[in-house]
Colleague: 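Please find one structure pasted underneath; my questions will follow.
Per chain, numbering begins at 1; letters A, B, ... match sequence-line order.
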2 protein chains.
Amino acid sequence: MGITAKGRATRQRIVEGAAVHLRSAEPGSLTLDDVRAITGTSKGQLFHYFPGGKEELLLAVARFEADRVLDDQQPHLGALTTWTAWRRWRDAVVARYRAQGAHCPLASLLGQVTTTPGATEVVATLLEQWEGHLRRGIVAMQADGLVDAELDAGRHAAALLAGVQGGVQVLRSTGSSRHLEAALDLGIDRLRREPART
Amino acid sequence: MGITAKGRATRQRIVEGAAVHLRSAEPGSLTLDDVRAITGTSKGQLFHYFPGGKEELLLAVARFEADRVLDDQQPHLGALTTWTAWRRWRDAVVARYRAQGAHCPLASLLGQVTTTPGATEVVATLLEQWEGHLRRGIVAMQADGLVDAELDAGRHAAALLAGVQGGVQVLRSTGSSRHLEAALDLGIDRLRREPART
DNA sequence: CGCTTCCTGGACTCGTCGGTCCAGAAAATT
DNA sequence: AATTTTCTGGACCGACGAGTCCAGGAAGCG
């Protein structure tokens, strides 16, 4: 019945191994043989733990990576209640993606999953949580009178998230973090100056 | 010697046919047989016109599509000299990507090209031109006194481009144009209110 | 018309990769 | 200890798709 501790360990090893491969120089397209090689497992095990085959495996890895994305921005992202926190968050994002360079594990991953409901769901969830953190941060700042209460928090959170996403994408293509930094700096700065309206 | 008119026509037919396929429901991965089927050509022709094989073909299609991206934003993008022009440009971008929905031909295309210098070059060029238009628009507005002259045009152009890119990406994942619109509207609005600084 | 060059078609090869299958080792359970 | 379940290894298969090759048709050219 069910699964043993050993089994769970192996499954975990597979997911993490695949993730490691994605972070390597040339992730290109991840093949099951790649996973086998890096994790020291056999085809049998792969299909034992992921009966849905490659797709199920990749989706598991995608979820794993999606969690990392947010984790890497903590603890700042979870407590954007002061300008200092925003600043630290900004730095963490820039640092993370600059270090990552052209290799966005999630991106190269999702490029391989045939556009299936599962894949979009992973992305949607990630974006939702991310934006939620930003929005709650803005609201908290408003509650403390640090940001104009009139400002539409949801709208600004959405725009900021878009800026970050786009900045990262440009960074992946050109290698420069200029756009990411501009989007972050101007986006955060915008929160300060909103009261100047009319 | 060289190439005849007939040959050029065939080559063009191949590129455009491939582009059509990418715009269809399930572009997934474009195979040479797909191209063959849709363009009524043979393997021989494909390799005759693209000796570099699939990669060279895909790159040609990518360049073709990249041009379309900017063309679809004209004439507005080329003459962002009034607030009305900015508004129209904004609407054109939203309309284009909303219509396109989850299918970004360029994105699904570049996902298939093994990260080669050629691929990044296409993207880099596109982004560069795009940003150049935005920057020149801001500068023009500054010259006419419609935008604060102190404002860093390059920085704002970069942030705006990032917002658009990210907005489109979110739209591709979630189907909602909320982020794209927020990024555009707040980004453009920011140009108006900059003088409020300090 | 003869000759060269370009264009077209499609059969064929060959590597890759996801997925299947089953035999047997290792644990758990009684 | 017996038996049942879970775990592991790897040989094997079949599909698919990129790229090769060459024979033959069309078009330019003296």
Colleague: Ignoring backbone atoms, test whether A:Tyr49 places a side-chain nitrogen or oxygen under 4.0 Å from the OP1 or OP2 oxygen of D:dT8.
Modeller: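 Yes, A:Tyr49 has a side-chain N/O under 4.0 Å of OP1/OP2 on D:dT8.
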
Colleague: Can you tell which of D:dG19, D:dA27, C:dA28 lies closest to the side chain of B:Lys6?
Modeller: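 Comparing D:dG19, D:dA27, C:dA28 against the side chain of B:Lys6, the answer is D:dA27.
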
Colleague: Is B:Asp33 salt-bridged to B:Arg36, cutoff N-O under 4.0 Å?
Modeller: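 Salt bridge present between B:Asp33 and B:Arg36.
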
Colleague: Using side-chain heavy atoms (C-beta onward) and a distance below 4.5 Å, is A:Leu151 in contact with A:His156?
Modeller: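 Yes, side chains in contact.
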
Colleague: What's the CD-P distance between A:Gln112 and C:dG18, to the nearest Å?
Modeller: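 Result: 9 Å.
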
Colleague: Run the side-chain contact (heavy atoms from CB on, under 4.5 Å) check on A:Tyr97 and A:Val69 step by step: do they pass?
Modeller: CA-CA 10 Å; A:Tyr97 285 102; A:Val69 170; 3.7 Å; yes

Colleague: Are B:Ile138 and B:Trp86 close enough that some pair of their side-chain heavy atoms sits under 4.5 Å apart?
Modeller: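 The answer is yes, as the side chains (C-beta and beyond) meet within the 4.5 Å cut-off.
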
Colleague: Using whole Å, what does the distance between atom C1' of nucleotide D:dC7 and atom CZ of A:Phe50 come to?
Modeller: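 A:Phe50 atom CZ is separated from D:dC7 atom C1' by 14 Å.
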
Colleague: Apply the side-chain contact (heavy atoms from CB on, under 4.5 Å) test between A:Val35 and each candidate in A:Val61, A:Ile14, A:Val20; give the one that qualifies.
Modeller: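 Output: one option passes, namely A:Ile14.
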
Colleague: Please list residues of residues 52-62 of chain B whose heavy atoms come under 4.0 Å from any atom in DNA chain D, ordered by number; otherwise none.
Modeller: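 Of all residues in residues 52-62 of chain B, the ones placing a heavy atom under 4.0 Å from DNA chain D are B:Gly53, B:Lys54.
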
Colleague: What is the distance from CG of B:Leu32 to P of C:dC12, rounded to the nearest Å?
Modeller: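 The answer, rounded to whole Å, is 20 Å.
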
Colleague: I'd like to know if A:Lys43 reaches the base of D:dG9 with its side chain, counting only an N/O donor and acceptor under 3.5 Å.
Modeller: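 Such a pair does not exist between side chain and base.
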
Colleague: Among A:Leu22, A:Leu30, A:Leu110, find the one that has a side-chain contact (heavy atoms from CB on, under 4.5 Å) with A:Leu58.
Modeller: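 Of all the options given, the one that passes is A:Leu30.
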
Colleague: For DNA chain D, determine which residues of residues 16-24 of chain B have any heavy atom closer than 4.0 angstrom to one of its atoms, and list them numerically.
Modeller: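 Correct list: empty, so none.
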
Colleague: If you count heavy atoms of other groups shown closer than 6.0 angstrom to CD of A:Glu128, is the number above 12?
Modeller: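 At most 12 heavy atoms, drawn from other residues, nucleotides or ligands, come within 6.0 Å of this atom.
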
Colleague: Give a yes/no on whether any side-chain N or O of B:Thr41 is located under 4.0 angstrom from OP1 or OP2 of C:dT8.
Modeller: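 False: B:Thr41 side-chain N/O out of range (4.0 Å or more) of C:dT8 OP1/OP2.
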
Colleague: Scan B:Gly44 against the nucleic acid and name what it touches under 4.0 Å (heavy atoms): base, sugar-phosphate only, or nothing.
Modeller: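 Counting heavy atoms under 4.0 Å across all strands, the contact made by B:Gly44 includes a base.
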
Colleague: For a side-chain contact (heavy atoms from CB on, under 4.5 Å) check, start with the C-alpha distance between A:Gln45 and A:Thr39, then their side-chain angles and the critical distance, and finish with the verdict.
Modeller: CA-CA 11 Å; A:Gln45 301 181 62; A:Thr39 61; over 6 Å; no

Colleague: Could you state the CG-P distance from A:Asp33 to C:dG18, rounded to the nearest angstrom?
Modeller: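 To the nearest whole Å, that distance equals 7 Å.
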
Colleague: Does the side chain of A:Thr10 get closer than 4.0 angstrom to OP1 or OP2 of D:dC7 through an N or O atom?
Modeller: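 No, because none of the side-chain N or O atoms of A:Thr10 sits under 4.0 Å from OP1 or OP2 of D:dC7.
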
Colleague: The side chain of B:His48 lies closest to which of these nucleotides: C:dC6, C:dG10, D:dA27?
Modeller: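 Selected nucleotide (nearest to the side chain): C:dC6.
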
Colleague: In whole Å, what is the span from the CZ atom of A:Arg8 to the P atom of D:dC7?
Modeller: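 Interatomic distance, CZ of A:Arg8 to P of D:dC7: 9 Å.
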
Colleague: Between D:dA18, C:dT20, D:dA26, which one does the side chain of B:Phe47 approach most closely?
Modeller: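 Ranking D:dA18, C:dT20, D:dA26 by closest atom to the B:Phe47 side chain puts D:dA18 first.
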
Colleague: A:Ile3 has a side chain; which of C:dG18, C:dC7, D:dC7 sits nearest to it?
Modeller: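 Output: D:dC7.
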
Colleague: Counting just side-chain N and O atoms, does B:Gln45 come under 4.0 Å of either OP1 or OP2 of C:dT8?
Modeller: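 Answer yes for this pair, as a side-chain N or O of B:Gln45 is under 4.0 Å from OP1 or OP2.
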
Colleague: Among the nucleotides C:dG18, C:dT8, D:dG9, which one has an atom lying closest to any side-chain atom of B:Ser42?
Modeller: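 Selected nucleotide: C:dT8.
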
Colleague: Hey, are the side chains of A:Leu106 and A:Leu126 touching, using non-hydrogen atoms and a 4.5 Å cut-off?
Modeller: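 Yes - at least one pair of side-chain heavy atoms lies under 4.5 Å apart.
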
Colleague: Once you round it to whole Å, what is the distance between P of C:dC7 and CG of B:Leu46?
Modeller: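 Distance, rounded to whole Å: 14 Å.
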
Colleague: Separation of A:Ile14 atom CD1 from D:dC7 atom C1', in whole Å?
Modeller: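 Rounding to the nearest Å, CD1 of A:Ile14 and C1' of D:dC7 are 11 Å apart.
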
Colleague: When you check the gap from the basic side-chain N to the acidic O, do A:Arg87 and A:Asp91 get nearer than 4.0 Å?
Modeller: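 So A:Arg87 pairs with A:Asp91 through a salt bridge.
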
Colleague: Take the protein atom CG of A:Asp34 and the nucleotide atom P of C:dC17, then report the distance between them rounded to whole Å.
Modeller: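 Result: 7 Å.
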
